[in-house]
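Counting convention: from 1, in listed order, for ligands and their atoms alike.
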Amino acid sequence: MLLTQNFPGTVLKNEIKGIQIIEDSDDSVLVKVGAGVVWHDLVIWSIENKLAGIENLSLIPGSVGAAPMQNIGAYGVELKSVFEKLEALEIDSLQSRFFNKEECQFGYRYSIFKGKLKGKFIITSVYIRLQKTPTFNVSYGAIETELKNMGIEKLSLQSVSQAVINIRQSKLPNPKEIGNSGSFFKNPVITSKLFLRLQETHPTIVGYTISETETKVAAGWLIDQAGWKGYRKGDAGIHKNQALVLVNYGNAKGEELVKLSKEVQASVFQKFGISLEPEVNII
Ligand SMILES: Cc1cc2nc3c(=O)[nH]c(=O)nc-3n(C[C@H](O)[C@H](O)[C@H](O)COP(=O)(O)OP(=O)(O)OC[C@H]3O[C@@H](n4cnc5c(N)ncnc54)[C@H](O)[C@@H]3O)c2cc1C
């Protein structure tokens with residue numbers, strides 16, 4: 001979230017705790033998690049209990065209740081891959097109801113709670129299914145290289161999680177030290193035809209094929225190429241190691257960061273013809 005003004009309403013901090021196994025079968029368990037549980041505490045719990053599925057999502061800041069809002073994702077895994085259902089309270093009626101995976105309409109950094117149902121429900125608990133036998137997903141990003149650097153020969157939940165933690169700590173600024181919201185923009189999805197055309201003029205462009213016709217482009221690469229990495233004006237800036245992260249060095253106002261984000265969007269559009277969409281909720 002990026003606040004541009006004092007919020008003219010009531011702010012609730014969800015403190016609903018609890019991690020509970022409610023179904024246990026030969027190969028998986030269904031876990032009910034209170035929305036106020038810290039996401040990374042859940043990841044640690046899953047590893048301690050030898051349950052697989054969320055180890056790649058280690059160290060994402062925030063609560064379990066916020067995780068379905070934008071279908072949190074990292075290193076080739078998204079919440080939706082373990083999600084079973086959630087319970088939420090409708091603010092107008094104060095009635096509780098369940099939403100299954102289909103009803104949440106998960107997409108890339110998206111759910112119905114960011115769309116049609118924005119501001120209408122408070123998520124109170126999330127149900128995820130974790131596996132007793134892991135299927136490791138280490139093909140994304142630098143995980144394999146990091147595992148090699150760590151001298152790991154046999155994969156475990158613990159080692160994959162630690163590799164993700166190491167990579168994140170080396171790349172992302174700690175919000176406790178420098179104000180930031182992680183990736184400011186979503187990685188734009190463009191047609192594969194446009195990607196191939198851009199590749200001719202920019203051979204180092206970074207993209208991931210997501211279907212026969214579409215490619216997801218690394219927004220950080222686009223911003224870096226547009227010359228923004230390490231930029232600073234007053235206390236608002238672009239992180240020196242990760243161009244996708246806007247940072248507040250101290251006293252920048254929310255509006256200054258929004259202004260900077262618009263300048264970044266305009267220059268990326270001018271250079272590549274690609275529109276960047278914020279991932280951050282601007283309030
Ligand atoms: C350094 C850094 C790295 C990050 N890396 C990643 C990453 O790798 N992948 C990724 O997906 N995200 C990432 N993020 C973004 C962030 O971690 C997620 O968006 C996270 O889910 C936010 O959790 P929160 O509890 O802080 O939610 P908040 O920021 O407090 O809230 C986010 C939105 O969800 C709503 N909300 C929160 N809880 C509830 C609830 N219980 N019911 C209804 N609405 C609710 C809020 O009103 C708000 O609109 C990163 C952020 C930072 C700072």
Problem set entry | Any protein heavy atom nearer than 4.0 Å to atom 47 (O) of ligand 1 |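 It does not; no protein heavy atom is within 4.0 Å.
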For this session: Ignoring hydrogens, tell whether any protein atom lies closer than 4.0 Å to atom 6 (C) of ligand 1; use the non-hydrogen atoms only.
Result: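 Yes, there is a protein heavy atom closer to it than 4.0 Å.
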Output the list of atoms in ligand 1 that are nearer than 4.0 Å to some heavy atom of [X], sorted by atom number.
X	result
A74	8 (O)
G73	7 (C), 8 (O), 9 (N), 10 (C), 11 (O)
N14	41 (N)
F121	43 (C)
A66	21 (O), 23 (O), 24 (P), 25 (O), 27 (O), 37 (C), 38 (N)

Below a 4.0 angstrom heavy-atom separation, can you tell me which part of [X], side chain or backbone, both or neither, approaches ligand 1?
X	value
S181	backbone
N180	both
N281	side chain

Exercise. If hydrogens are left out, which of S183, G65, G62, G119 has an atom nearest to atom 39 (C) of ligand 1, that is, the closest non-hydrogen atom?
Worked result: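 Among S183, G65, G62, G119, the closest heavy atom to atom 39 (C) of ligand 1 comes from G65.
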Exercise. Given W221, which of F272, F185, W228 fulfils the ring pair (Phe, Tyr, Trp, His ring centres under 6.0 Å) condition?
Worked result: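 Exactly one pass, corresponding to F272.
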For this session: Decide whether a cation-pi geometry holds between K80 and F106; the criteria are a distance under 6.0 Å from NZ or CZ to the six-membered ring centre and an angle within 45° of the ring axis.
Result: no
